[in-house]
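Some notes on the structure that comes next.
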Amino acid sequence: MDTNYDPQKIETKWQNRWAEQKLFDADLDPGRKKYYVLEMLPYPSGDIHMGHVRNYSIGDALARYMAMKGFNVLHPIGWDSFGLPAENAAIKNQRPPAEFTFAYIDRMRRQLKRLGVSYDWRREVTTCVPEYYRWNQWFFLKMYERGLAYRKKGRVNWCPECETVLANEQVVEGCCWRHEDTPVVEKELEQWFLKITDYAERLLDDMQELVRWPERVLTMQQNWIGKSKGTEVDFKVVELDLPLRVFTTRVDTIFGCTAVFVAAEHPLVEKLIAASKAPEKLRNDVERIKHSAIRARAEVNLEKEGAATGFSARNPYNGEAVPIWVANFVLTEYGTGAVMAVPAHDQRDFEFCTTFNLPIRTVIVPKDAEPQVTLEAAFTEYGKLVDSGPYTGLASERAIERMTKDAEAGGFGKGTIQYRIKDWGISRQRYWGTPIPMVYCDACGVAPVPESDLPVLLPADIKLTGKGQSPLANAPEFVATTCPKCGGPARRETDTMDTFVDSTWYFYRYTGPKIDTAPISREAVKYWFPVDQYIGGIEHAILHLIYMRFFTKVMKDIGLVDFSEPVARLFTQGMVIKDGSKMSKSKGNVVDPTALFERYGADTVRLYMLFAAPPEKDLDWSDTGIEGASRFLNRVYRVVAKHAEDLGAVESLLGEVARPEASADYTPEERKLLRKAHQVLRHVTEDMEERWHFNTDIAMTMELVNELAELDAEVSDGKIRPEILKETLEVLVLVLALFAPHIADELWEGLGYSGATLRVPWPAYDPDLAAEDELEMPVQVNGKLRSRIRVAVDVTEDEIRRLAQADEKVAQHLGGRQIVKIIVVPQKLINIVVK
RNA sequence: GCCGGAGUGGCGGAAUGGCAGACGCGGCGGACUCAAAAUCCGUUGGUCGCAAGGCCGUGUGGGUUCGACUCCCUCCUCCGGCACCA
C-alpha cells in the first residue's frame with residue numbers, strides 16, 4: 001500500500017466501491033433483526049453546514065456499529081424541500097422555486113456523498129414532488145372527514161417579512177422565528193386548523209412510553225402543552241342578566257374576589273358597549289387596551305391598563321356584585337377570556353387593583369405563620385381559608401375540591417382542564433408548499449377534493465410576488481374548478497400547507513418510498529418501525545417533535561399503524577459554535593465543510609466533530625483542533641502501513657484462530673499491547689451501547705496508537721509476534737471504522753482483507769486480556785494521598801492492609817498514631833484513618 | 001417569575017462516591033535539517049523548595065462521608081425553554 005496517506009484518493013476509491021457493492025442497501029428481511037437509524041432530514045439550502053456534518057457523523061457511527069453487530073440497518077435520507085427560502089430566492093432571481101430546489105438538492109446530495117455517510121440512497125424522499133405531497137393532501141382529507149381539520153376565522157400571527165401566517169410554535173418572543181427582529185402582527189383571516197388540542201391529553205399520557213427520550217425534551221413539550229386543572233365559575237352581569245364565565249385554578253380564593261376582568265376581545269364587551277351609558281368613551285378605552293395587549297407579545301413587562309365598564313357581576317358563592325373591568329393582561333384565547341380578580345392572592349390582580357384603587361381582601365392565610373396585616377405583594381401560596389363563609393377554616397386543597405363540587409351541584413360551575421396548546425394553523429399564503437385540497441362552491445359551500453382526484457398539483461409558471469395573498473390566487477387556471485358535489489363552477493383553496501406538515505411523516509415514507517396506492521406500506525412499517533434511534537437538533541424539541549407525535553396518533557386512529565409513538569429513542573445533539581455563537585450565515589461565522597473535505601478529507605472532519613465534545617453538548621469550533629485530528633489519522637495510517645506488508649499473510653487471533661489457553665504464553669510486551677487493545681475495544685463497545693461519548697472512544701484509540709509507538713522498538717526486536725501485532729492493528733482499524741470509515745477500509749485492505757469493514761462482525765473483547773494483572777493502589781492517610789503500592793490483582797485484603805502499613809511513606813505519616821480503621825476498596829484504594 | 005441544563009488548567013474536554021486534569025489543542029525545551037515544513041522526543045494546574053517533598057486547587061458558603069468534581073442544602077453566574085396561561 002501507499003506509504004503516504006492521501007485522503008482524497010482513498011475516499012473516492014471507497015465511496016465508489018461502497019456504491020458498487022450496494023453496501024448500504026437495506027431490504028426487508030423478516031429473518032434478521034432490524035435497526036432503524038434516522039437523522040433529521042435537511043432543508044436544501046444549497047450547501048451542507050457543520051451542524052449537518054455533526055448530525056450525520058453521529059448517526060453514521062451508530063449505523064455502522066449496528067451493521068457490524070449484525071443488524072439489518074435502515075439508514076435513509078431525504079429533503080425537506082418545500083418552504084419559504086426557495087420561494088424568496090425565486091422572487092429575487094425571477095426563476096421558479098422548483099429550479100432552485102432541485103439544483104440545491106443535487107448539490108447537497110453530492111456533498112453528503114462526499115462525506116461518505118452510509119445512506120441507502122434508493123430510499124431518498126423529496127417532499128416537494130407530487131408523489132410525496134399528494135399524501136399530505138390525503139392525510140388532510142382523512143382529518144377533514146374526522147373533523148380534525150377545520151376552517152375558522154381567527155386572529156392569526158402574521159409576519160410582515162414573510163408575508164404569511166405563522167403557527168404559534170413559530171412565534172419566538174413576539175417575533176418571527178425566521179426574522180428574529182420582525183415583530184409578529186395579528187390579522188383576522190380564514191384559516192385551516194388541525195385539531196392537535198384533541199390530542200393534548202394523549203400527547204401527555206404517551207410520554208410514559210418515551211423512556212429513552214431526553215428529559216429536557218419531554219419537559220419542554222409538557223410546558224408547551226400546558227395542562228392546568230381548575231374550575232369554571234359562572235358570574236352574572238347584574239344589569240343585563242347575562243352569564244359571564246371565568247376560569248380559575250384557585251377557586252378557594254373566590255371570597256376575596258373584588259372585580260371581574262375581561263379581555264378586550266371578549267364577546268361580552270361589544271354588548272356592554274351597546275348597553276353603556278357612555279358607549280363612546282368605553283369603546284375608545286377598549287380600543288386602546290386592545291392595542292396595548294397586542295404590543296404586550298413583544299414586551300416582557302407590560303404596564304397594567306384597564307377600563308371600568310360601569311357594569312357589575314354577581315359572585316355565585318357569596319352573592320356579592322363586583323365591578324367588571326376590561327384589562328389588558330387578560331388573554332382572549334386562554335380559558336374563558338375572563339378572570340375573577342383576587343388581588344390579595346394573585347400578583348397580577350394585586351398590581352392591577354393597586355393601580356386602580358380597587359379593594360383588596362385577604363381570604364387565605366398561611367397555615368402556621370401569622371398573616372400579614374398590610375400586603376406588599378399577593379400571598380399566592382396555598383393556606384387556610386378565612387372570611388369565606390361556609391368554607392372558612394378549610395385548607396386550600398380541600399376547599400378547591402369542595403367548592404368545585406358545590407358549583408357543580410348548584411349549577412353555576414364545574415371542574416375543568418385547560419391547555420395552553422392551541423390548534424395548529426396550517427394555512428400559508430405562499431406558493432411553495434402543498435396545495436390544500438379543498439374547493440369552494442357558491443351553492444354547496446366548502447367541499448373536499450375527492451381522494452381519486454389527488455394530487456392537486458402545484459402549478460408551475462406562477463408569478464411570484466411574495467406579497468399579501470397566495471400567488472395561486474392569481475392563477476385562474478388553478479383556481480377555476482368544478483364543485484365535487486354539484487358539478488357547478490367552483491374555486492380552489494389557494495393557500496398551501498405549513499411545511500411542518502411535510503416532516504410529520506416523512507420517516508414512514510422511507511420504508512416504502514415508491515408505493516403509489518397508499519402513503520405507507522403496512523408490511524414495511526410493521527418490519528421497520530419504530531424508529532430505533534432518531535438524531536437531530538434540540539431546536540426541534542417542540543415544533544417538529546410534537547407535530548410528528550400528533551400525526552402518528554392520527555395515523556393510529558385511522559388504522560394505518562398500530563402504535564402510538566413512532567420513535568423509541570431520541571438523541572438531541574448540541575450546536576456547533578464559533579466565536580461564541582451558533583454558526584450562521586447572518587453572523588458570518590460559518591465554516592464550510594466542503595472546503596475542509598478538500599483540505600483534510602471527510603474522515604478528518606468527521607473525526608474532529610466527534611472528538612471535540614460529547615455529542616449532546618455544544619461544540620466549539622477550532623481550526624487547530626482539526627489539525628490535530630488530521631495529524632492523528634496520518635499517524636494511524638503510517639503505523640499500519642509500516643507493518644501491512646509483513647502482516648498480510650499472517651493469521652490473526654481476532655476471531656479467526658483459537659487463542660492460546662494460558663495467557664502466560666505472552667511476553668510482557670505482548671501482554672501490554674493486547675491489554676490496551678482489548679481495553680479500547682471494551683470501552684468503545686460499552687460506550688456505543690449506552691453512553692455515546694465518542695470523544696472518549698477516540699481518546700482511547702489515540703492511547704492505543706501511542707502505546708504502539710512506545711512499543712515500536714519491541715516490535716522491531718521481535719518481542720512482539722506478528723499475530724499479536726496484527727490483532728492490535730485490527731482492533732485499531734475496526735474501532736476507527738465507526739468514525740473514519742474510508743481510511744479504515746483502506747487500512748483493512750492493507751492488512752490483507754478484501755471486503756469493507758462494515759461487513760466485518762464487531763469483535764468481542766476478551767475480558768481476561770483487558771484485565772490488569774497488577775495494580776497500583778493509592779494509599780491515603782485520613783483521606784489524603786500519601787503513597788502508592790503495587791499489588792497483584794488477586795491479592796487478599798489482609799495482604800493489602802499489611803503492605804499499605806509497611807510502606808515507608810505511609811509509616812511516616814502514621815507517625816505512631818492510633819489506627820481507627822482501614823478502608824480497603826478492592827481494585828481502587830486504601831484509606832487508613834488515624835487519631 | 002416558573003421549569004430544565006451547565007460552571008474543572010491558557011483552550012476543547014476526562015473522571016458520576018475512591019489517584020482531579022485522560023486524550024487533544026496551545027505553550028516551552030530538544031532532535032533531525034544549510035534552513036523551513038513535516039516528523040519524533042521531553043515538559044506543561046498554582047505555589048513554596050536546590051532536592052526529597054509540602055501546601056493549595058473542580059463557581060460560592062455550608063452539610064453528609066473514612067473519603068466529595070461527583071450526593072444534599074444555600075447563594076452567584078451563564079445557557080436553553082416557557083412566560084400577564086388566571
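Letters A, B, ... mirror the listed sequences (proteins, then strands); counts begin at 1.
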Could you work out the separation of [N] and [M] based on their [atom1] atoms and round it to a whole Å?
{"N": "B:rA38", "M": "B:rA22", "atom1": "P", "answer": "24 Å"}
{"N": "B:rU70", "M": "B:rG57", "atom1": "P", "answer": "14 Å"}
{"N": "B:rG59", "M": "B:rG13", "atom1": "P", "answer": "15 Å"}
{"N": "B:rU58", "M": "B:rG46", "atom1": "C1'", "answer": "14 Å"}
{"N": "B:rC75", "M": "B:rG80", "atom1": "P", "answer": "23 Å"}
{"N": "B:rC73", "M": "B:rC3", "atom1": "P", "answer": "13 Å"}
{"N": "B:rG7", "M": "B:rA15", "atom1": "P", "answer": "12 Å"}
{"N": "B:rC40", "M": "B:rC56", "atom1": "C1'", "answer": "36 Å"}

Would A:N315 and A:E320 satisfy side chain to side chain donor-acceptor pair (under 3.5 Å), going step by step from the backbone distance to the final call? CA-CA 5 Å; A:N315 181 341; A:E320 192 179 343; 5.7 Å; no
Run the salt bridge (Lys or Arg N to Asp or Glu O under 4.0 Å) test against A:E381 and tell me which residues pass, sequence neighbours left out. none
From the list [options], which nucleotide is the closest neighbour of the side chain of [X]?
{"X": "A:T248", "options": "B:rU39, B:rA22, B:rA86", "answer": "B:rA86"}
{"X": "A:F329", "options": "B:rC23, B:rU39, B:rA86", "answer": "B:rA86"}
{"X": "A:F247", "options": "B:rA22, B:rA86, B:rC82", "answer": "B:rA86"}

Only pairs with both distances under 3.5 Å count, Watson-Crick or wobble alike; so what is the partner of [N] in this structure?
{"N": "B:rG21", "answer": "none"}
{"N": "B:rU39", "answer": "B:rA31"}
{"N": "B:rU65", "answer": "none"}
{"N": "B:rC2", "answer": "B:rG81"}

Tell me the interatomic distance from [X], atom [atom1], to [N], atom [atom2], rounded to whole angstroms.
{"X": "A:I577", "N": "B:rG80", "atom1": "CD1", "atom2": "C1'", "value": "11 Å"}
{"X": "A:M700", "N": "B:rC23", "atom1": "CE", "atom2": "C1'", "value": "10 Å"}
{"X": "A:W224", "N": "B:rG80", "atom1": "CH2", "atom2": "P", "value": "17 Å"}
{"X": "A:E616", "N": "B:rG80", "atom1": "CD", "atom2": "C1'", "value": "15 Å"}
{"X": "A:N328", "N": "B:rA86", "atom1": "CG", "atom2": "P", "value": "17 Å"}
{"X": "A:I626", "N": "B:rG24", "atom1": "CD1", "atom2": "P", "value": "17 Å"}

May I ask you to evaluate whether [X] reaches the phosphate of [N], defined as a side-chain N or O under 4.0 Å from OP1 or OP2?
{"X": "A:R631", "N": "B:rG26", "answer": "yes"}
{"X": "A:S228", "N": "B:rA86", "answer": "yes"}
{"X": "A:R635", "N": "B:rC40", "answer": "yes"}

Provide the closest heavy-atom pair for [X] versus [Y] in the form atom of the first, atom of the second, distance.
{"X": "A:I196", "Y": "A:K422", "value": "CG2-O, 3.3 Å"}
{"X": "A:A804", "Y": "A:I789", "value": "N-CD1, 4.0 Å"}
{"X": "A:E303", "Y": "A:N328", "value": "O-ND2, 2.9 Å"}

Can you measure from CG (A:L358) to CZ (A:F350) and round to the nearest 0.5 angstrom? 12.5 Å
Find every protein N or O atom lying less than 3.5 Å from an N or O atom of nucleotides 64-71 of chain B, and list the pairs.
{"unit_1": "B:rC66", "atom_1": "O2'", "unit_2": "A:N831", "atom_2": "ND2", "d": "3.3"}
{"unit_1": "B:rC66", "atom_1": "O2", "unit_2": "A:N831", "atom_2": "ND2", "d": "2.5"}

Determine, for [X] against [Y], whether the closest basic-nitrogen to carboxylate-oxygen distance falls under 4.0 angstrom.
{"X": "A:R675", "Y": "A:E707", "answer": "no"}
{"X": "A:D712", "Y": "A:K642", "answer": "yes"}
{"X": "A:R212", "Y": "A:E690", "answer": "yes"}

Please work out if [X] contacts a base, only the sugar-phosphate, or nothing of the nucleic acid, heavy-atom cut-off 4.0 Å.
{"X": "A:Q418", "answer": "nothing"}
{"X": "A:N706", "answer": "sugar-phosphate"}
{"X": "A:G226", "answer": "nothing"}

Of A:T624 and A:R420, the one whose closest RNA chain B nucleotide lies more 5':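 Residue closer to the 5' terminus by nearest nucleotide: A:T624.
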Chi class for B:rG7: syn within 90° of 0, otherwise anti: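 Anti, since the glycosidic angle lies more than 90° from 0.
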Tell me whether the NZ or CZ atom of A:K304 lies within the 45° cone about the ring axis of A:F329 and under 6.0 Å from its centre.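 The answer is yes, since A:K304 meets both limits relative to A:F329.
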Please find out if less than 6.0 Å separates the ring center of A:F352 from that of A:F261.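 Between A:F261 and A:F352, which both carry aromatic rings, the centre distance is below 6.0 Å.
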Determine, step by step, whether A:W621 and A:I626 satisfy the side chain to side chain contact (heavy atoms under 4.5 Å, CB included) criterion, reporting the C-alpha distance in whole Å, the side-chain angles of both residues, the deciding distance to 0.1 Å, and the verdict. CA-CA 9 Å; A:W621 177 261; A:I626 195 167; 3.8 Å; yes
Side chain to side chain contact (heavy atoms under 4.5 Å, CB included) partner of A:Q221, the single match among A:L210, A:I421, A:I546, A:L203: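 Answer to the side chain to side chain contact (heavy atoms under 4.5 Å, CB included) test with A:Q221 among A:L210, A:I421, A:I546, A:L203: A:I546.
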Residues which pass side-chain hydrogen bond (donor to acceptor under 3.5 Å, both in side chains) with A:T231, listed by chain and number, not counting sequence neighbours: A:T404
Stretch residues 211-221 of chain A: residues that reach within less than 4.0 Å of RNA chain B through a heavy atom: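 Within this stretch, A:T219, A:M220 sit under 4.0 Å of the strand.
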Only one of A:F550, A:Y547, A:W424 clears ring-ring contact (aromatic ring centres under 6.0 Å, His included) with A:F500; which? A:Y547
For nucleotides 9-16 of chain B, list the nitrogen or oxygen atoms of the protein found under 3.5 Å from its nitrogen or oxygen atoms, one pair per line.
{"unit_1": "B:rG12", "atom_1": "O2'", "unit_2": "A:A612", "atom_2": "O", "d": "2.6"}
{"unit_1": "B:rG13", "atom_1": "O3'", "unit_2": "A:N695", "atom_2": "ND2", "d": "3.2"}
{"unit_1": "B:rA14", "atom_1": "OP1", "unit_2": "A:N695", "atom_2": "ND2", "d": "3.0"}
{"unit_1": "B:rA15", "atom_1": "OP1", "unit_2": "A:R691", "atom_2": "NH2", "d": "2.5"}

Can you give one letter per nucleotide of nucleotides 44-55 of chain B, 5' to 3': B if a protein heavy atom sits under 4.0 Å from the base, S if only from the sugar-phosphate, - if neither? ---------SSS
So A:L570 and A:P214, do their side chains get closer than 4.5 Å, heavy atoms only? yes
